[in-house]
Amino acid sequence: MKTDDLINLLAQDVPVRTRIGPALTLAAIGGILISGAVFFAAIGFRADIGSAMETVRFLFKFVVTIALAVTASAVVFRIGRPGVSLRSWGWTLLAAPLLLAVAAIIEMMVMPADSWGTRMMGHNARFCLTIIPLLSIGPLACFLFALRQGAPEKPGVAGAVAGLAASGIAATFYASNCTDDSPLFVLLWYPLAIAIVTAVGYVAGRCLLRW
């Protein structure tokens with residue numbers, strides 16, 4: 001049987017479609033709960049969370065991280081179904097980086113140039129590169145387990161997108177602890193941490209999601 005014929009048959013297979021939807025929904029809920037439990041058990045909110053919530057920079061971090069979590073999760077919900085087009089949904093993944101890029105440009109317009117480097121380096125780079133991947137472990141494992149109920153045509157890509165969704169969830173929790181609120185810091189260090197999780201997801205997807 002040709003690969004295209006097999007994909008078409010799987011695309012018409014009702015049990016695959018009915019299993020993967022609920023499985024991914026449970027994976028998203030479970031991933032959020034696991035990541036949240038680890039976050040509150042290990043670090044929790046920053047000490048000045050009350051006053052931080054009154055600032056635009058702090059709140060904007062959540063706009064970016066939630067946008068990533070939502071758009072990547074939406075793609076994950078489709079990528080496990082063979083034959084389903086991802087073209088339009090794939091473009092939504094640009095929402096978070098575009099928002100962040102615009103915020104960084106505005107930051108550079110309103111802040112003196114000699115402060116850009118300090119704001120970009122921040123004080124929590126090491127924690128950012130450590131905590132976001134650690135908080136992503138639970139959500140990534142949940143998404144990969146759920147995707148095994150489907151039949152992604154490109155296992156590596158499916159794993160990578162699962163990593164994006166997991167890191168979006170993790171980054172949302174971490175943002176409430178991180179005291180570096182400058183978009184310049186977020187632009188540099190958050191994507192690096194997210195890239196680590198995405199790479200792990202890609203490798204794991206190639207190994208675990210083959211069919």
Side-chain angles (χ1 to χ4, degrees), residues 1-35 38 64-65 67-97 128-174 188-211:
M1 181 179 293
K2 296 181 179 179
T3 302
D4 291 343
D5 294 334
L6 178 59
I7 290 173
N8 289 332
L9 287 174
L10 286 172
Q12 298 170 3
D13 187 3
V14 175
V16 169
R17 289 181 175 273
T18 56
R19 284 199 305 268
I20 185 119
L24 285 169
T25 299
L26 290 175
I29 296 172
I32 292 171
L33 292 176
I34 293 171
S35 188
V38 174
V64 174
T65 59
L68 175 62
V70 170
T71 55
S73 295
V75 176
V76 170
F77 268 73
R78 298 178 65 83
I79 206 168
R81 296 178 169 92
V84 176
S85 175
L86 300 174
R87 185 171 301 174
S88 59
W89 285 94
W91 287 106
T92 65
L93 295 175
L94 295 176
C128 180
L129 294 177
T130 303
I131 295 174
I132 290 179
L134 288 177
L135 293 178
S136 299
I137 293 174
L140 179 58
C142 290
F143 280 127
L144 290 174
F145 179 80
L147 284 170
R148 286 176 61 85
Q149 310 304 312
E153 296 178 30
K154 298 179 179 179
V157 175
V161 176
L164 280 176
S167 56
I169 293 170
T172 299
F173 281 108
Y174 173 68
L188 176 60
W189 298 107
Y190 279 52
L192 287 176
I194 291 167
I196 294 172
V197 182
T198 303
V200 171
Y202 178 83
V203 174
R206 285 180 60 88
C207 296
L208 301 176
L209 301 180
R210 291 181 178 179
W211 55 277

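Any value given below was found using the heavy atoms of this structure, including those in side chains, with hydrogens, waters and symmetry copies removed.
Proximity of L208 to F145: side-chain heavy atoms (C-beta onward) are nowhere separated by under 4.5 Å. Counting heavy atoms from C-beta on, the side chains of L24 and L147 come closer than 4.5 Å. For the pair T65 and F173, the minimum side-chain heavy-atom distance is 4.5 Å or more. Within the 4.5 Å cutoff, the side chain of V38 has no heavy atoms near those of the L134 side chain.
Heavy atoms only, all atoms of each residue included: V76 and A165 are closest at CG2-CB, 4.2 Å. The two residues S136 and S167 come nearest to each other via the heavy atoms OG-CA, 3.3 Å. The shortest non-hydrogen separation linking A146 to A23 is CB-O, 3.5 Å. A166 and P139 get closest at one heavy-atom pair: CB-CB, 3.7 Å. Taking both residues in full, the closest heavy atoms of F143 and A162 are given as CB-CB, 3.9 Å, listed atom of the first, atom of the second, then distance. Nearest heavy atoms, V197 versus P133: CG2-CA, 3.6 Å.
Here the CD1-CD1 distance, from I132 to I169, works out to 12.5 Å after rounding to the nearest 0.5 Å. Separating the CG atom in L140 from the OG1 atom in T198 is a distance of 9.0 Å, to the nearest 0.5 Å. Atom-to-atom distance recorded for L129:CG and I194:CD1 is 11.0 Å, nearest 0.5 angstrom. The distance from atom SG of C128 to atom OH of Y190, rounded to the nearest 0.5 Å, is 5.5 Å. Once rounded to the nearest 0.5 Å, the distance linking CD1 of I29 with CD1 of I34 reads 12.0 Å.
Side-chain atoms of T71 come within 3.5 Å of backbone atoms of A67 as a donor-acceptor pair (strictly under, hydrogens ignored). Listed for the S35 side chain is no donor-acceptor partner under 3.5 Å among the backbone atoms of I32.
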